[in-house]
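Single-structure report; data block below.
By convention in this document, chain letters (A, B, ...) are assigned in the order of the sequence lines, proteins followed by strands, and residues within each chain are numbered from 1.
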Protein chains: 2
Amino acid sequence: MKISTKTRYGLRALVDLAAHSAGEQVALIHIAKRQDLSVNYLEQVFSLLKKAGIVRSVKGAQGGYMLAKEPAKITVGDIIRSIEGEICIVDEEPPSDSVSLVLKNMQQCIWDNVWQKMTESVREVIDHITLEDLMKEYQVLHIDDNIMYYI
Amino acid sequence: MKISTKTRYGLRALVDLAAHSAGEQVALIHIAKRQDLSVNYLEQVFSLLKKAGIVRSVKGAQGGYMLAKEPAKITVGDIIRSIEGEICIVDEEPPSDSVSLVLKNMQQCIWDNVWQKMTESVREVIDHITLEDLMKEYQVLHIDDNIMYYI
DNA sequence: TCAATTCCTAGTATTCCCATATGTTTAACA
DNA sequence: TGTTAAACATATGGGAATACTAGGAATTGA
């Protein structure tokens with residue numbers, strides 16, 4: 001019941017990108033330095049993010065990545081799904097016909113009353129947090145720290 | 001982001017036990033037959049459930065397992081935790097001091113605004129479904145099927 | 001005593017995950 | 001035009017977790 005590191009890194013990298021981009025592309029090496037991640041690994045993550053239409057890339061020297069949409073239009077759900085695939089708490093095959101009725105009823109019961117509800121609840125959360133929300137929260141923390149520095 | 005099969009089996013087995021127990025102990029072999037599970041594997045699951053005080057056992061011939069509390073006092077959260085350990089969406093170490101401030105802020109931001117909220121939301125769901133709820137829902141399905149049979 | 005059952009532990013196969021490494025292609029810039 | 005910086009692609013190793021299987025020890029009712 002864990003989120004993969006790939007997703008964690010991806011989310012960090014995207015908030016970082018949103019906070020540092022200013023409409024220009026940013027090379028992965030800068031994100032990697034700030035977030036203490038391996039460039040190679042980040043490349044794999046951004047390949048998925050690009051396929052999902054969350055970022056777009058500029059190739060060649062001075063190239064990099066930028067958001068493909070406004071941060072307010074990218075949800076955490078979009079990001080998680082683009083890296084982990086569709087949110088699905090359990091991977092139970094749909095009860096086949098060879099299965100007894102007793103078992104089928106049980107699976108149905110638990111699916112409807114537990115796994116389904118957990119999944120909906122998670123979706124409800126992640127589909128209502130945007131990259132803009134996170135970016136703003138991050139900047140608040142950041143500014144507070146700078147103020148501390150000058151006291 | 002998946003629930004382990006061990007937990008899925010455990011939940012099925014417990015609803016089955018609750019529905020078939022009638023205050024008496026039930027041998028795992030019966031549960032295993034109805035739910036199409038291996039007895040050996042179920043034993044491992046029930047060992048955890050017992051440790052957590054969810055079931056208690058009667059050893060020897062004609063022995064078996066029974067619920068240690070009323071079904072209304074056992075939540076799905078209890079069951080999941082007893083098998084998977086504490087619910088924790090990500091395993092991020094608390095940001096050590098060697099980490100840069102920029103990174104620490106980012107981790108804090110995402111923890112508070114994403115992982116924390118997801119975790120709370122999941123807990124909210126699983127801590128409010130009881131074994132009694134599931135047992136009743138299951139019996140409804142079961143009865144409906146029997147009615148169908150007689151039409 | 002025998003059989004049924006919990007209890008305990010070891011072992012194994014597989015799958016997934018994290019990360020590194022290496023090479024190719026693309027485009028800016030001098 | 002050559003160099004360089006970057007995205008892009010792929011493969012591979014290693015490690016950890018997972019899902020079982022197997023088999024024996026201990027316990028107890030009949």
TODO: Decide if atom CG of A:D36 counts as having more than 12 heavy atoms of other residues, nucleotides or ligands within a radius under 6.0 Å.
DONE: no
Task: side chain to side chain contact (heavy atoms under 4.5 Å, CB included) involving A:H20 - partner list, sequence neighbours excluded - done: A:D16, A:R34
Task: Backbone of A:V102 reached by a side-chain donor or acceptor of A:N105 within 3.5 Å - done: no
Task: B:K33 NZ: over 12 foreign heavy atoms closer than 6.0 Å - done: no
Task: Gap between atoms CG and C1', on B:D91 and D:dA16 respectively (whole Å) - done: 12 Å
Task: Protein-nucleotide distance (B:K2, atom NZ; D:dA19, atom C1'), rounded to Å - done: 16 Å
Open item on the list: I'd like to check the side-chain hydrogen bond (donor to acceptor under 3.5 Å, both in side chains) partners of A:T5; sequence neighbours left out, ordered by chain and number.
Closed with: none
TODO: Assign the ring pair A:F46 / A:Y65 to parallel, tilted or perpendicular, where the plane angle (0 to 90°) is split at 30° and 60°.
DONE: tilted
TODO: Write out all pairs satisfying side-chain hydrogen bond (donor to acceptor under 3.5 Å, both in side chains) with one or both partners inside residues 43-53 of chain A, taking only residues at least two apart or from two chains.
DONE: A:K50-A:S57
Open item on the list: Rounding to an integer number of Å, can you tell me how far A:M1 CE sits from D:dT18 P?
Closed with: 13 Å
TODO: Take the protein atom CG of B:L17 and the nucleotide atom C1' of C:dT5, then report the distance between them rounded to whole Å.
DONE: 15 Å
Task: Distance test, side-chain N/O of B:S4 to OP1/OP2 of D:dT18, below 4.0 Å - done: no
TODO: Rounded to the nearest angstrom, tell me the gap between atom CZ in A:R56 and atom C1' in C:dA27.
DONE: 17 Å
Output one line per pair: protein atom, nucleotide atom from nucleotides 26-29 of chain D, and distance, for all N/O pairs under 3.5 Å.
residue, atom, partner, partner atom, Å
D:dT28, O2, B:A61, N, 3.3

Open item on the list: Atom NZ of residue position A:K73 - does it have more than 12 heavy atoms of other residues, nucleotides or ligands inside 6.0 Å?
Closed with: no
Open item on the list: Let's see if you get this right: which residues in residues 22-53 of chain B place a heavy atom under 4.0 Å from DNA chain D?
Closed with: B:S38, B:N40, B:Y41, B:Q44
- [ ] Take the protein atom CD of A:E84 and the nucleotide atom P of C:dC16, then report the distance between them rounded to whole Å.
- [x] 14 Å
Task: Distance test, side-chain N/O of B:S57 to OP1/OP2 of C:dC7, below 4.0 Å - done: yes
Task: side chain to side chain contact (heavy atoms under 4.5 Å, CB included) partners of A:E24, counting only residues at least two apart - done: none
Task: Below 4.0 Å: OP1/OP2 of C:dC17 and any side-chain N or O of A:Y9 - done: no
